[in-house]
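Report on one structure; see the data block that follows.
Everything numeric in this text was worked out from a predicted model, so none of it was measured. Every chain is numbered from 1 and lettered A, B, ... according to where its sequence line falls, protein lines coming before strand lines.
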Amino acid sequence: MPELPEVETVRRGLAPVMEGARILSVEQRRPDLRFPFPADFTGRLAGRRVDGLSRRAKYLLAHLDDGLTLISHLGMSGSWRIEADGHDNVPGQFHHDRSKNATHDHVVFHLAPKAGGRARIVFNDPRRFGFMAFAESGELAAHPLIGKLGAEPTGNMLDGALLAALFGNRRAPLKAALLDQRLIAGLGNIYVCEALWRAGLAPDRAAGSIVAKSGGPTTACDRLAAAIRAVIADAIEAGGSSLRDYVHADGALGYFQHRFAVYDREGEPCPKLNCDGVVLRIVQSGRSTFYCPSCQR
DNA sequence: CGAATGACCTGTGAGC
DNA sequence: TGCTCACAGGTCATTC
């Protein structure tokens, strides 16, 4: 369920255990997820120390002490969980109650955390749309999965001018343009719906149509950029959002925001102040879009 | 090149 | 209870 905020939340959950930890061994329980695992996957990880854990768009990046980067993606249903390993206690961790069956536990990392003790982190993914890959030392920026990603929707990079430049004369609907990871990287179906609602823009408008010919003080592109950043920042702050089978890295469910302004709220009143619209569901390029036809134009 | 479609895979909830 | 169907937060490959 992971869009950027969920991946960032996972990163923050994993970092205290993974960063500085030595990888003792890795269990790989099947030959592939969405793609085959890299050659000698477990062999290249065993014995390495994790220098840092970062994120690019929806990719989680583990930087190893020999320069190798482990790239992982959660797909639609992937999750990580942390468990104590052996009899040692890992400080601050971690239940493994969760009557979750282990059927879809595909990869297990056995770690010696910096803080001491033993931990294991487990990658679970029922639908197996997730995957793992390596970027060789020095090749991360040009990696096929990473190199063509667009702007991060966090921080100051994303503003109205950038959106105007990206959208140009594109005829694709706003919804499709915002989902295109080559333009902005990290938005998914939920946060695109939410951002368009916040910006008051209809999802089926051509992306190019919101680019002002001669700009007023605040253009539609400015509003949209601000809305995207706010939606993402709020979600990261809330610890990400979850539905159904998403599991927080430390197993803490119920931590997340479960309600959205328009996403999955077909037929409900638009929550915007003084708007009497009703949330509509339409299908764009095969995926549900939720929006308010009254205040999104 | 941009845009639209199907494919990948399992689980869940709704409706009968 | 059990069956079938529609649908699910992502990306890639193929086609026009």
Note to self: Of the listed nucleotides (C/dC7, B/dT10, C/dT11), which one gets closest to any side-chain atom of A/Lys58?
What the structure shows: C/dT11
Margin query: Is there a path of hydrophobic side-chain contacts, each under 4.5 Å between heavy atoms, that joins A/Val17 and A/Val26?
Written below: yes
Item checked: Any A/Ser288 side-chain N or O less than 4.0 Å from OP1/OP2 of C/dA8 -> yes
Checklist line | Cluster overlap A/Val108 with A/Val50, hydrophobic side-chain contacts below 4.5 Å | finding: no
Check: Parallel, tilted or perpendicular: which describes the rings of A/Phe290 and A/Tyr263, with under 30° parallel and over 60° perpendicular?
Finding: perpendicular
Margin query: Checking the side chain of A/Glu83 only, and the main-chain atoms of A/Ala119 only, is there a donor and an acceptor separated by less than 3.5 Å?
Written below: no
Notebook entry, point to check: To the side chain of A/Arg287, which of B/dC9, C/dT11, C/dC7 is closest?
Noted result: C/dT11
Next item on the list: Classify every nucleotide of nucleotides 1-8 of chain B by which part a protein heavy atom approaches to under 4.0 Å, writing B for the base, S for the sugar-phosphate alone and - for neither, in 5'-to-3' order.
Entry: -SSS---B
Item checked: Lys/Arg N to Asp/Glu carboxylate O, A/Glu6 vs A/Lys58, below 4.0 Å -> no
Checklist line | Separation of C/dC12 P from A/Ile71 CD1 (nearest whole Å) | finding: 11 Å
Item checked: Between P of B/dC9 and CG of A/Leu33, the distance in whole Å -> 12 Å
Notebook entry, point to check: If you measure from the Lys or Arg side-chain nitrogens to the Asp or Glu carboxylate oxygens, is any gap between A/Arg198 and A/Asp234 under 4.0 Å?
Noted result: yes
Next item on the list: Determine the Euclidean distance between corresponding P atoms of C/dA6 and B/dG6; express it in Å to zero decimal places.
Entry: 14 Å
Notebook entry, point to check: Do the side-chain N and O atoms of A/Thr289 and A/Gln284 include a donor-acceptor pair separated by under 3.5 angstrom?
Noted result: yes
Checklist line | Presence of salt bridge, A/Arg120 and A/Asp85, under 4.0 angstrom | finding: yes
Notebook entry, point to check: Among the clusters formed by ILVMFWY side chains lying less than 4.5 Å apart, do A/Leu196 and A/Leu162 turn up in the same one?
Noted result: yes
Next item on the list: I would like to know whether A/Arg81 and A/Asp105 meet side-chain contact (heavy atoms from CB on, under 4.5 Å); could you show each step before the answer?
Entry: CA-CA 10 Å; A/Arg81 63 178 201 277; A/Asp105 288 351; 2.9 Å; yes
Check: Does the side chain of A/His104 get closer than 4.0 angstrom to OP1 or OP2 of B/dC9 through an N or O atom?
Finding: no
Notebook entry, point to check: How about A/His143 and A/Glu136: does a side-chain donor come under 3.5 Å of a side-chain acceptor?
Noted result: no
Note to self: So, does A/Gln181 get its side chain near the phosphate of C/dG10, meaning an N or O under 4.0 Å from OP1 or OP2?
What the structure shows: no
Next item on the list: Take the angle between the ring planes of A/Phe37 and A/Phe41 and call it parallel below 30°, perpendicular above 60°, tilted in between.
Entry: tilted
Item checked: Interatomic distance, A/Phe35 CZ vs C/dT11 P [rounded to whole Å] -> 10 Å
Check: Within this structure, what is the CZ-to-C1' distance between A/Arg56 and C/dT11, rounded to whole angstrom?
Finding: 16 Å
Check nucleotides 3-5 of chain C for protein N or O atoms closer than 3.5 Å to its own N or O atoms and list the pairs.
none

Next item on the list: Report the secondary structure of DNA chain C in dot-bracket form, marking unpaired bases with a dot and bases paired to a different strand with |, and treating Watson-Crick or G-U pairs with both distances under 3.5 Å as paired.
Entry: .|||||||.|||||||
Notebook entry, point to check: Between C/dG9 and A/Tyr263, is there an OP1 or OP2 to side-chain N/O distance shorter than 4.0 Å?
Noted result: yes
Margin query: Does A/Leu149 reach a base, just sugar-phosphate, or nothing at all? Heavy atoms under 4.0 Å.
Written below: nothing
Note to self: Does C/dG10 have its OP1 or OP2 closer than 4.0 Å to a side-chain nitrogen or oxygen of A/His73?
What the structure shows: no
Item checked: Rounded distance in Å - CZ (A/Phe260) to P (C/dG9) -> 11 Å
Next item on the list: Would you kindly give the CG-to-P distance between A/Asp264 and C/dC7, to the nearest whole Å?
Entry: 12 Å
Note to self: I need the CZ-P distance between A/Arg128 and C/dC12, as an integer number of Å.
What the structure shows: 18 Å
Next item on the list: Measure the distance from CZ on A/Phe290 to C1' on C/dC7 and round it to the nearest whole Å.
Entry: 10 Å
